Amino acid sequence: MTDRPKNRLLRPETLTALGIVAVAAGFLIPTSELPPISALLPAAMLIGLIALSVALLVMDQRKAAKGDAAAPMTQSPKRVLGAFGLILGYALATDFIGFYVSTAVTIPLVAFAFGYRNPLGLLIATVIVVGTIWAIFDFGMSQDFPTGRLWKD
């Protein structure tokens, strides 16, 4: 008996790509109601996510056409579930303690969850990401990110 689904659309990577395209497209619709400067980052990120998902879909369907077996969804599901939990915690933390603090904590935690253990590398990546976001949006575009409910005046 074989593990491969008979329908090429039921392959794990294909289902993932289709799900990401659907969700990202759903989130893209409300960005049309935002002011253009506010919609720029979310729209660009969502369009990029859709493009990458379409690339994943095409690659997986090419593999399916060759008759290659579908790869398992993940080699370590606990790590993936932990990362999703961190992302959910990040969304909640952004609401309560603000964007910059939440981002500075979440970036190294997610990287650590996926196996990156170099403390200096984690620090450098965090400073680069948070610093770049600050420089572009706060300094360059005069856009404020959420400060959180706990820090409100």
Side-chain angles (χ1 to χ4, degrees), residues 1-96 99-137 140-141 143 145-146:
M1 186 164 221
T2 179
D3 293 337
R4 287 187 276 172
K6 295 181 191 297
N7 187 341
R8 287 176 33 177
L9 294 177
L10 295 179
R11 295 169 58 94
E13 288 182 352
T14 295
L15 290 173
T16 300
L18 291 172
I20 291 171
V21 167
V23 170
F27 282 130
L28 190 58
I29 294 167
T31 61
S32 64
E33 299 171 10
L34 296 172
I37 197 75
S38 298
L40 181 62
L41 178 64
M45 301 277 292
L46 290 167
I47 290 168
L49 190 58
I50 290 169
L52 289 172
S53 297
V54 168
L56 173 65
L57 178 65
V58 168
M59 288 187 318
D60 191 51
Q61 286 303 299
R62 284 184 179 166
K63 288 179 187 175
K66 290 180 188 176
D68 293 348
M73 195 58 164
T74 180
Q75 298 297 326
S76 59
K78 289 180 185 177
R79 186 178 289 174
V80 173
L81 288 174
F84 279 121
L86 284 170
I87 292 168
L88 177 62
Y90 172 66
L92 294 171
T94 300
D95 185 39
F96 286 103
F99 174 79
Y100 289 113
V101 175
S102 299
T103 302
V105 170
T106 302
I107 289 172
L109 287 177
V110 170
F112 191 85
F114 278 99
Y116 190 78
R117 303 285 194 261
N118 182 337
L120 182 59
L122 292 171
L123 177 66
I124 291 169
T126 303
V127 168
I128 289 172
V129 170
V130 175
T132 302
I133 291 169
W134 173 82
I136 292 171
F137 289 96
M141 300 171 81
Q143 296 293 308
F145 280 95

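Only a predicted model underlies this, so the values are computations on that prediction, with no experimental measurement involved. All residue numbers in this chain count up from 1 along the given sequence. What you see below is based on every heavy atom in this structure, not just the backbone, and it leaves out hydrogens, waters and symmetry mates.
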| task | Answer whether the closest heavy-atom distance between the side chains of Tyr90 and Val105 falls below 4.5 Å. | result | no
| message | Tell me whether Thr14 contacts the main-chain N or O of Leu10 through its side chain, where contact means a donor paired with an acceptor under 3.5 Å. | response | no
| said: Using 0.5 Å steps for rounding, measure from the CZ atom of Phe137 to the CG atom of Leu40. | reply: 6.5 Å
| Between the main-chain N or O of Ala93 and the side-chain N or O of Ser102, is there a donor-acceptor pair closer than 3.5 Å? | yes
| request: Measure the spacing between CG of Leu86 and CG of Leu81 and express it to the nearest 0.5 Å. | output: 11.0 Å
| field | Nearest heavy-atom neighbours spanning Ser53 and Val21 | value | CB-CG2, 3.6 Å
| query | Rounded to the nearest 0.5 Å, how far does CZ of Arg11 lie from OG1 of Thr16? | reply | 11.5 Å
| Can you tell me how far CG of Leu18 sits from CG of Leu56, rounded to the nearest 0.5 angstrom? | 9.0 Å
| said: If you count every heavy atom of other residues, nucleotides or ligands that lies below 6.0 Å from Arg62 atom CZ, does the total exceed 12? | reply: no
| query | Which pair of non-hydrogen atoms, one from Ala39 and one from Leu34, has the smallest distance, and what is that distance? | reply | CB-CB, 3.8 Å
| message | Using every non-hydrogen atom in the two residues, find where Leu122 and Tyr116 come nearest and quote the distance to one decimal. | response | CD2-CD2, 3.4 Å
| request: Report the distance from atom CZ of Phe112 to atom OG1 of Thr106, rounding to the nearest 0.5 Å. | output: 15.0 Å
| note | In this structure, CD1 of Ile124 is separated from CG of Asn118 (nearest 0.5 Å) by 7.5 Å
| message | Please give me the minimum heavy-atom distance between Ala104 and Pro108, naming the atom from each residue. | response | O-CD, 3.2 Å
| said: For a 4.5 angstrom cut-off between non-hydrogen side-chain atoms, does Leu28 reach Ile50? | reply: yes
| task | Considering non-hydrogen atoms only, spot the tightest contact between Phe27 and Thr31 and give its length. | result | O-CG2, 3.7 Å
